[in-house]
Amino acid sequence: MNKFKIGLAAILLSASANVSADFIGVYAGAEKWNYDIDGSVNSLGTNIDLNRDLGLNDDNANVYYVAFEHPIPFLPNLMIQKNELEGTAANANGANFSWRNGVYAAGIGNTTQYDFSHTDYTLYYEILDNWVNLDLGFSAKDFDGFVDIMGNNGALPNGSRLDISGTVPMLYGKAQFDLPFTGLSAGGKVQLGQFNDDKLTDFKAYVAYEGETGFGLEAGYRTFELEFDDFDELSSDLTLDGFYAAITFHF
């Protein structure tokens with residue numbers, strides 16, 4: 001990972017003096033992501049299976065973004081993306097587990113709420129800008145959410161909520177291939193991050209169409225993996241993945 005970061009930094013520094021957007025542009029989009037969630041969480045207790053113990057399965061997320069590109073050399077372009085990842089479920093525990101030093105017995109019901117919402121702040125350079133497009137840069141995922149497991153048998157009626165907040169630095173890359181004169185394109189975006197022992201991977205592949213007015217449609221598949229070691233006392237091994245559809249605009 002360190003060698004990869006050094007190599008990417010060298011590419012950005014050498015290319016930034018020569019590459020930039022040809023004109024000022026604004027890109028915006030709104031996505032609906034239908035994802036499955038699986039894996040486990042742990043906070044001062046045992047690993048808890050999200051599907052078996054908490055009854056969490058699939059949910060929908062809203063994603064909004066805006067990007068600003070300019071022709072000024074050396075200065076990176078900017079993109080801000082809001083990811084609303086919230087869910088809730090009621091379930092009978094599949095096994096004994098503990099959460100925040102509280103014990104939850106098998107077969108006893110619980111109600112779980114989670115909020116892994118975060119905002120991505122991305123600075124990037126356009127390395128290639130023709131029918132083959134390549135953007136490289138850096139992101140910061142800023143989390144402001146919580147996980148709350150409330151036992152219906154009175155286990156931790158208060159204090160079961162774990163607030164999570166913090167920022168994870170990420171590498172950012174986007175590659176897109178345009179089919180000339182059609183408005184059609186296909187590509188992928190990736191964010192890779194590691195801070196201490198916390199590791200995040202956010203990847204999506206898509207096909208898109210943009211009309212002459214700047215309005216467009218996009219559809220694809222996104223995978224988001226969260227491996228927290230001790231992120232505000234949260235340990236996790238989570239995967240959120242599924243298809244999404246988006247409306248986009250470019251002017």
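Model, not experiment: these values are computed from the prediction.
Residue S43 holds its OG atom at 4.0 Å from CZ of R100, rounded to the nearest 0.5 Å. Considering OG of S160 and CG of N110, their distance stands at 10.0 Å, rounded to 0.5 Å. Between L171 atom CG and T122 atom OG1 the span is 11.0 Å, to the nearest 0.5 Å. Here D230 contributes atom CG and N42 contributes atom CG; the two are 10.0 Å apart, rounded to the nearest 0.5 Å. To the nearest 0.5 Å, atoms CD (E227) and OG (S235) are separated by 11.5 Å. The structure places CD1 of I37 at 5.0 Å from CG of L50, a figure rounded to the nearest 0.5 Å.
Taking the six-membered ring for Trp and the full ring otherwise, F138 and Y172 have centroids separated by 6.0 Å or more.
Qualifying salt bridge (charged side-chain N to carboxylate O under 4.0 Å, His left out) partners for D59, counting only residues two or more places apart in sequence or in other chains: none. Scored by the salt bridge (charged side-chain N to carboxylate O under 4.0 Å, His left out) test, D144 finds no partners at all (sequence neighbours excluded).
Between F224 and H118, the angle of the ring planes lies from 30° to 60°, which puts this pair in the tilted group.
One N or O on the side chain of T182 and one on the backbone of L184 form a donor-acceptor pair closer than 3.5 Å.
Among the candidates F228, Y114, F195, the single residue satisfying the ring-ring contact (aromatic ring centres under 6.0 Å, His included) test with F143 is F228.
Looking only at side-chain heavy atoms (C-beta outward), T223 and T239 come within less than 4.5 Å of each other. Looking at heavy atoms from C-beta onward, T112 lies out of side-chain contact with M150 at the 4.5 angstrom threshold.
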With salt bridge (Lys or Arg N to Asp or Glu O under 4.0 Å) as the test, would you mind laying out the steps for D202 and K189 before giving the verdict? CA-CA 8 Å; D202 197 348; K189 292 183 180 180; over 6 Å; no
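Cation-pi check for R222 over Y244 is not met; the charged atom does not lie both under 6.0 angstrom from the ring centroid and within 45 degrees of its normal.
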Can you give the donor-acceptor pairs under 3.5 Å from side chains of residues 23-32 to other protein atoms, not counting sequence neighbours?
unit_1 : atom_1 : unit_2 : atom_2 : d
Y27    : OH     : H250   : NE2    : 3.3
E31    : OE2    : K204   : NZ     : 2.7
K32    : NZ     : N62    : OD1    : 2.7

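Of the charged side-chain nitrogens involved, none lies within less than 4.0 Å of a carboxylate oxygen, so that K199 and D197 do not count as a salt-bridged pair.
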